[in-house]
Each structure stands twice: as C-alpha cells, then as structure tokens.
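Excluded from the calculations below are hydrogen atoms, water molecules and symmetry mates; all remaining heavy atoms, backbone and side chain alike, are included. Nothing fancy with the numbering, it's 1 onward along the sequence. Whatever order the structure lists them in is the order used to number ligands and atoms, beginning at 1.
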Amino acid sequence: MSHLKLLAATLKWHGTKLLEKQDVVRKIFFHGKRYVSSGISEPFLSGSNSNYVEEMYYAWLENPKSVHKSWDLFFRNANAGQAYDPHLPDRLEKKASFLQSHGLAQTPGKAEKLVEDHLAVQSLIRAYQIRGHHVAQLDPLGILDADLDSFVPSDLITTIDKLGFYGLHESDLDKVFHLPTTTFIGGSETSLSLREIIRRLENTYCQHIGLEFMFINDVEQCQWIRQKFETPGVMKFTNEEKRTLLARLVRSMRFEDFLARKWSSEKRFGLEGCEVMIPALKTIIDKSSEMGIEYVIMGMPHRGRLNVLANVIRKELEQIFCQFDPKLEAADEGSGDVKYHLGMYHERINRATNKKITLSLMANPSHLEAVDPVVQGKTKAEQFYRGDTAGKKVMSILLHGDAAFAGQGVVYETFHLSDLPSYTTNGTIHVVVNNQIGFTTDPRMARSSPYPTDVARVVNAPIFHVNADDPEAVMYVCSVAAEWRNTFNKDVVVDLVCYRRRGHNEMDEPMFTQPLMYKQIHKQVPVLKKYADKLIADGTVTLQEFEEEIAKYDRICEEAYTRSKDNKILHIKHWLDSPWPGFFNVDGEPKSMSCPPTGISEDLLIHIGNVASSVPVKDFKIHAGLSRILRARLEMTKNRVVDWALAEYMAFGSFLKEGIHVRLSGQDVERGTFSHRHHVLHDQEVDKRTCVPMNHLWEQQAPYTVCNSSLSEYGVLGFELGFAMASPNALVCWEAQFGDFHNTAQCIIDQFISSGQAKWVRHNGIVLLLPHGMEGMGPEHSSARPERFLQMSNDDSDAYPEFTEQFEVSQLYECNWIVVNCSTPANYFHVLRRQILLPFRKPLIVLTPKSLLRHPEAKSSFDEMVSGTTFQRVIPENGLAAQEPHEVRRVIFCTGKVYYDLVKERKNQDLEKQVAITRLEQISPFPFDLLKKELEKYPEADLVWCQEEHKNSGYYDYVKPRFRTIVNHTRPIWYVGREPAAAAATGNKNTHLVSLRRFLDTAFNLEAFEGKTF
Ligand SMILES: Cc1ncc(C[n+]2csc(CCOP(=O)(O)OP(=O)(O)O)c2C)c(N)n1
Ligand SMILES: [Mg+2]
C-alpha cells in the first residue's frame, strides 16, 4: 500500500475514532498551543476538521515539536500504521525522498495539495458508494426515477464542472491517485487516473444496478459488497450461462403469451414487463442449491404466480391450464380458492447442481404481504426439525409488489423477526417486482420513502436495485444475493425495477390513469427480444436456435393444453404446500374418527409437578418471590391439585415425553403477563443465565421452546401459524398479552386460521391463548371479542344434528375451528391434550382467564386429570339442584369466569336448590348433544344465558339460536348480562361493579322473566 494511501486511511480511521470520543478530541485540541478546533462537531474530513488535521500534519512534518505532544504521538503512530516506531527518523527520511520524487520536497503547498486531492478522491469514491444509486439507470422505460427524485447529488461527477465540489479540476483527470482500501475498482492495480476512477465508479454504481448498502454498520459486510460489485470484470457470463438465461426468458415470456392467447379475457395477473423474475428466482435457487440448500419455501403475491408455479416450481402445465375451465368441478371439501392463490410443494432434481431440491410455494390470500410471516414461521420450523440451526439447508424467498412492500405494516413486523433467536430464518431473500405502479396508483402517491424497499434498511439488509431489462445484471445481482445470505445469514433485497405491460389484471385499461407511461410501455421492446437480439448479434446463439427454443416451449404448452381438457375434476389437495406424510391415510382422510381419553398417569403428573417446582440446575439462585411460587407448586403436587399454570405445565410436559415438540410464543410469555407461568428462571447473580425446567423433564424428550416475541401480533401470529404448518406433531401456541390485542392480527385470523382449511385443504392445529374477562380493567384489557370467533364458526345454528356415536369428534372434524372457555385448570389441561390426540388438526381458540389464575376455587384435583379422564365440553350442575331437577326453577347456562360469580351469588341468596348452573366449556362447535340432555333434565325451569360481557358481544348471539334449535323453538333462552355497548368494557371501576351487581340480581330474580314473551 502506498505511503499516502496508508496515511489517508489511517488519518481517517483515527479521525473517526476521535470523533466517537469527542471529549477526548476536545481535550487534545484545547491543549494544542497553535491549533484550536472550531468545527469539532462537523463530520471528520468533511469540514474544517480535515483541513485542520492536514495542516497540523504538515506542520508536524516540518517540525514535530510545533504541535502538541499528543498530536506528535498520534502522527508518529499514524505514520507507522502501528505503535510508535523507533526508526521513525529513517522513515521520515524515506518520506522526504518520496516527496522529493514527486517534486514536493520542501514544498508543503504542493504536498498539501497532493494529500488534499487524495482525500478528495477518497470522498468521491465514497460518494459513489453511498449515492451512486440515485443516478443509476434503473427504469427500463427511461421515464421514471426509481427513487422518485430527479435530483442529482452534487457530489457525483455527472458533469466535469462538478469536480469543483472536491477542489479538483479537469486538469486533474489524468493524474494518478492511490486507491483507498475501501474500494476494489482497481482490481490488481493500486492506483488509477482520476478519469478511470470515475469511469469505473460510474460503471459499478450508476449503470443498471443501484446499490444501497453503505448504511450497514458492519465494515466487513460493506467491504464484501464493494468487492462483489466493484472488482473489474465480475459480471462476466459464459456462453452456456447466457444461453440458459435466454431459455429461461423464453419460458417465462411464452408462458404468459400462451395464457393470453388461450384465455384472453381471464384474470391471471401476468408477469409481462418483469419476465426476468423467473430466471432471477431460478438463479437464486441454483446458487443456493450449490451452497447446500435443500428446501426453499416461497411466498408471493398474485403477479406472475402462475408463471412461478409452471417454470420455477414446475407444476404440471395441464394442472394449471385446466383451472381456466369454468366447468371444472372441485373434488375436495371446502370452498376452494382462485387459481392464483393456491400453494404447491414439489421435490425435484435441480438441473444446475444435480442435487435434490424441494420447493414449496405457500398458498396465500389476496391480502398482500400477509403470507410473509407465515412463510418465515414455516421456514423456521423446517430448519428446527432438521436441526438446521444456521439455515444452511432450508431458506425462504419472499416476493413483493412495490406498492405493497412499502405500504403494508406486516412487512416491517416481519423484518423485525429476522434477527430474533427464536424467529430468525437465518436470512431471507426478498425479491420486489417493482413495476412502479400499484393497481392504478402512482408510486408518488403510494409511499413517502424514496424507494419501495426502504423498510429493509431497518435491519441493515443490503438493497440491490436492478433494471429488469438487463437480464445479465439481474442474474448477477441474484447470485450475489444468494451468496450474501449464505455468507452472513442476513436478509437481502433484490429490487427488480420493471414495468407492467398490461393493466393491473388483464381486464383493466391502464391508459385511463397512466396515459404517458403506457404510451411508452406500448413502444417498449420486450426483454426477450432485446436479449435475444444481443446474443444473436454477438454470436452466442443463432436466430434458428432461438426460434427452435420458442417453438419447443410452445409445443410443450400446446400438448399440456390438450391433456388439460381431460381434467374434469380439481383436487385442491394436489395443491398442498405442506403435506404431512403418514398423518392421514392415502386418501388424505383422518385415520380414525375417535379421540382417546386425554388424561395421563398419576406418576406422570407427580413427576412433572416436581420438576415444575424445582430448579434443575446447580448453583442457580432464583428470586425469593419465585421460590415461594415453586414451593406452592410443590405443595399443590403433594396435595394432588393444580392451578392454571400447573395444569398447563402438565399438558406441555406430557407432550414432551411423547416426543411432541411444544412451542409457546407471544409477548412476555416466558414469565407470563400475569406473572403466573415462570417457564424461564433467571439466575439472580449471573447476568443472562437462565434455566427452562421444562427442558429437564426427561433425558429423552422433545424440546420445549418458550419465547418472548417482539411487540407484534400480526407478524408473530402469522409466524406461529406458519410454524404449526410444518408438522402435525407439535403443539404451537401463541398467546396474546391480553386477548384484546389479537385484532391487530385480524388478517391472520380471518384469512388463514378461520378459513385456511376451506380454501387450501390445509389443516393447522395452532392454539390461540387469549386472556379474557371483565375485571374492570378498561375497554382494552377486558375482551378477546369471543363474538367474532363465534360468528366465523361454521356450524349451522339451525340444523338439528344427528347424534351418532362419533358425534363429538366428527363435529370437531367438520368445524373450521374450536372455541373454548374453560372454567377449570383440568379442562384446560385436557383441551390442550386433545389438540394433539385428535386424528386431525383444527385451530383452537382458548379464552384464558386472568383472575382465575389465582382464584382459590379455580383449582382441579389430579382425579380430574388422571388416565381415563377427558375433556368436558359441558360441565353440568352437580350440586343440590341436580338432585331434584323437577324442583329447579331456573337453569343458568354460562361460560368461563362468571361461573364463580354466579355460584357465590347463588349461595348468598340461598338458591342452591332452585337454580342450576351449567357451564359451557366448548362453545363452538356447539355441544348440542350434551346440552339437549341438560335441557331435558330441567323441564320446569326457565332457561337463562348469563354472560358478563355486553349483550352485543360475548356469546349470546351465538348460543341463543342453537339453544332454540335444541328445544325446537318451544322455550325461550333469556338473556342476562350487561347492556349492549360500543366499547368492550367500561373504564370506570364503579360502573363496572354496578353493572355486575345489576346482572347478578337479574340472574337470581326468579320472577324477572315472568309474563314476558319471546
Ligand atoms: C392488504 C390489501 N389491500 C389491498 C389490496 C387490493 N390490491 C390488490 S393488488 C393491489 C396493488 C398492488 O400493487 P403492487 O404491490 O405494486 O403489486 P403489482 O400488482 O403492481 O404487482 C391492491 C391495492 C390487497 N390485495 N391487499
Ligand atoms: Mg406494483
């Protein structure tokens, strides 16, 4: 390295360090006799600081004593590039001869200019690295600025006069400059003329690739990117590679052409204008396969999806084409989905590497970007089950539209999971189809950030913008992206700046809203033609070869089209993105329609109880308060009872013994929002030392993952849903901090959890734990909005079911999800156990308690949990009232915590013989069979539904018609509870108590409904 280059680099490094420690700098500066800084807060080398240091440097060169001794030491070290060199005088002599050879000896003015110019060139190089992308030619149409700004940064040399910005002149262009270590444009050369430096920088940063990476905090990563893109000649492709690229473009383009010809009036959300996406994805996959990846999980929106299925996943073409037939009948249960939403799973040999690769495209709803966290969760699970902790075998690719990527908050939430230990997928490659429009909306109206990709900057992901009409640039960028992921295991974004040849879908007229853009688009030569012309011109392929390639693929499409006409029936199960081999029978049906008892042996209960009460690691000091909690657990175990937390422990622990992985994720779940769980113990004396006793239950056990999540519902719930998709042999639970907050994840609930099976025949056993209960905690800490889950339940309120022997299980099989509100710890234990013992998987929504966590009555005996016991969908009255049912004047049906208020009040009012209280534990699917028995048992009684929620929330609207169906509309079911209200709960404690008092009074006023009609 040249002397000056070293000096400049060292000066800069020292300067930066000094700036970091401004106080130290200030001290040094003020000690100096001659040199006092005035611009201390300016960035080093950009203002007077750099001049100042330079000035001192020259002064020091002349006479080391003329500067303060701290500067003397500093320059000696900087000069040596290391610790003070005793041979400094020799070195100085050498320097003198260097200056001499440059004609600068004894001419500090010239020397100063030389150093200044070098520093200027260094700044210039840096300017290109930081801002070159602003002037890169990214838009294939040549009319838009990808960063929404036509402003040209003043420090880029777009015209000769801008050299003046650096104090340089045209006459400096042929001067040779030593290159800093922060650039690779020299290749094997260490110095270049200014003219060549600018040319190479323009080549790297201002052509068809725009790089954004200088915000990354890690120097090694920045250097890596600089090397990948700046090194001369990096973007060279062999003829073979070019021909493959051309063939892939042929497929991409001709596939869309074929669909357009055959079904000109069908929506398909074509890829035209971004055909390069297909070879781009294939490059990422080839390169990743080469580096050891075996499984790629993808998520993408509508645009080009059919093309991806055909040409990336390699779904049989006839299976795609037949879906355009309006008479195609659906063979599977469920309501199905449109063709451009379905998922796919395919194992094949990667042609480029000859290695096996599995590709899965996740089914997704129209809701843009909603699939992102789901893909990440599924990817994490696949890595987890393979023991692929570093993501070397499984990876995800997410595709995005420009408008959606910028606009949808879940993108941000997903990015924030990318580096969290229990959520990272060790790097995702994001590909943005940036067609510079969102439906009809111009990007200037669609985002406030320069690029649609700026959201990725928060996690320091590099962003590679690339002009999609330059296929080779795209391939290069994709291959670097794959290498980046493999090297750093971090996210990276490829922004394909392209255009949309047609309207939003094929039926739309884009000229209504984007007339000028579309005038240009109509003139635009398709990328395939451009690239083919280029390769034909340079002799890489002949015209004949090119035409044959097209004819070959057209023939493939035609033949598949003919075959597709034989397909009369659509099997959605052939479009499964996550098959569970061996879980169902060969026809994809459950192997049985029964569920074994969910209790476990007493020994097991005791063992789990003991571990839950202990600290299974030596010399581990826990908090005194926690010791009390553990002692109480031990006491309970001895007394053969459990509270809520211990019941949960028993359920989770029992699965681990059976090899079932358990994962509990959500905000503060490790301790539990209500400080009742404590699944992670923290050593009070050693920082960050933790212990998870659940993982110390048995020597051979499945792992237990309990993880506090980021403060996100949409992203994290989506993630857990994806995790639960990977395997049926895992209990995956997501807990909301309070049930009230689940609605920020409403899209995952509506689009995936409630309807996923109906749309995509895909089972999912995720458990939602939603703390719920009216406890005077205000409108946002009270209600998990059970009414919404119930409204979306698909069981028919008016259909009187047939009570077969298998009714209980087949009813569960038919439903879209299960909603429960358990009133006892034992029942909570059972319902969790049933989730896994069922021969199929259904989402389970559990309204979990808050005050019941510590309620002395809310305890269960081991007797209710031992082998042979099972989940109770209904807990009938079993007190005095049940003994003389004919005497009973009222049966109150209820669910959850209000039961305890009712029992207490009944006792207070001495009505235990007259009023029966029956608990509905499984609300949906509705236990018609058990409730029928209960209703028949009390023929004389009036029937009341009592809930603590407001009348327009809670359960009443769901249970009322179902009760009425059971009694064939002959008896009313009266409502007792809070009045209808707009907010879920009052914020006023007194109002809360008054309304409680009021409805309890009504519940036990046996005349309340006399004379009323229904
Ligand atoms: C969450 C959500 N909001 C609105 C829509 C309606 N919508 C469908 S496509 C689209 C425009 C998408 O633009 P972009 O992300 O740029 O993708 P492109 O269609 O341009 O490929 C909109 C608003 C949607 N599907 N999802
Ligand atoms: Mg778009």
Using a cut-off of 6.0 Å, state whether more than 12 heavy atoms not belonging to Glu509 lie near its atom CD. yes
With a 4.0 Å cut-off on N to O distance, would you call Glu472 and Lys534 a salt bridge? yes
I'd like to know whether Phe258 forms a ring pair (Phe, Tyr, Trp, His ring centres under 6.0 Å) with Tyr553, so could you lay out the CA-CA distance, the side-chain angles of the two residues, the decisive distance to 0.1 Å, and finally the verdict. CA-CA 10 Å; Phe258 187 82; Tyr553 188 65; 8.4 Å; no
Mind jotting down which protein residues get a heavy-atom contact under 4.0 Å with ligand 1? Chain and number order, please. His302, Arg303, Ser366, His367, Leu368, Gly401, Asp402, Ala403, Ala404, Gln408, Asn435, Ile437, Gly438, Phe439, His504
Could you enumerate the protein N, O or S atoms under 2.8 Å from the Mg ion (ligand 2), written like residue then atom name? Asp402 OD1, Asn435 OD1, Ile437 O
Set of residues satisfying ring-ring contact (aromatic ring centres under 6.0 Å, His included) with respect to Tyr423, sequence neighbours excluded: Phe719
Let me see the working for Ile749 and Met792 under side chain to side chain contact (heavy atoms under 4.5 Å, CB included), right down to the final yes or no. CA-CA 10 Å; Ile749 293 168; Met792 283 190 278; 4.2 Å; yes
Are Asp257 and Arg261 ion-paired here, with the side-chain N under 4.0 Å from a carboxylate O? no
Side chains of His341 and Lys759: does their closest heavy-atom pair fall under 4.5 Å? no
Are any of the side-chain nitrogens in Arg248 or Asp286 under 4.0 Å away from the carboxylate oxygens of its partner? yes
Taking distance alone, no hydrogens or angles, what donor-acceptor pairs closer than 3.5 Å link side-chain atoms of residues 143-153 to residues at least two apart or in another chain?
| residue | atom | partner | partner atom | Å |
| --- | --- | --- | --- | --- |
| Asp147 | OD1 | Asp149 | N | 3.2 |
| Asp147 | OD2 | His134 | ND1 | 2.6 |
| Asp149 | OD1 | Phe151 | N | 3.0 |

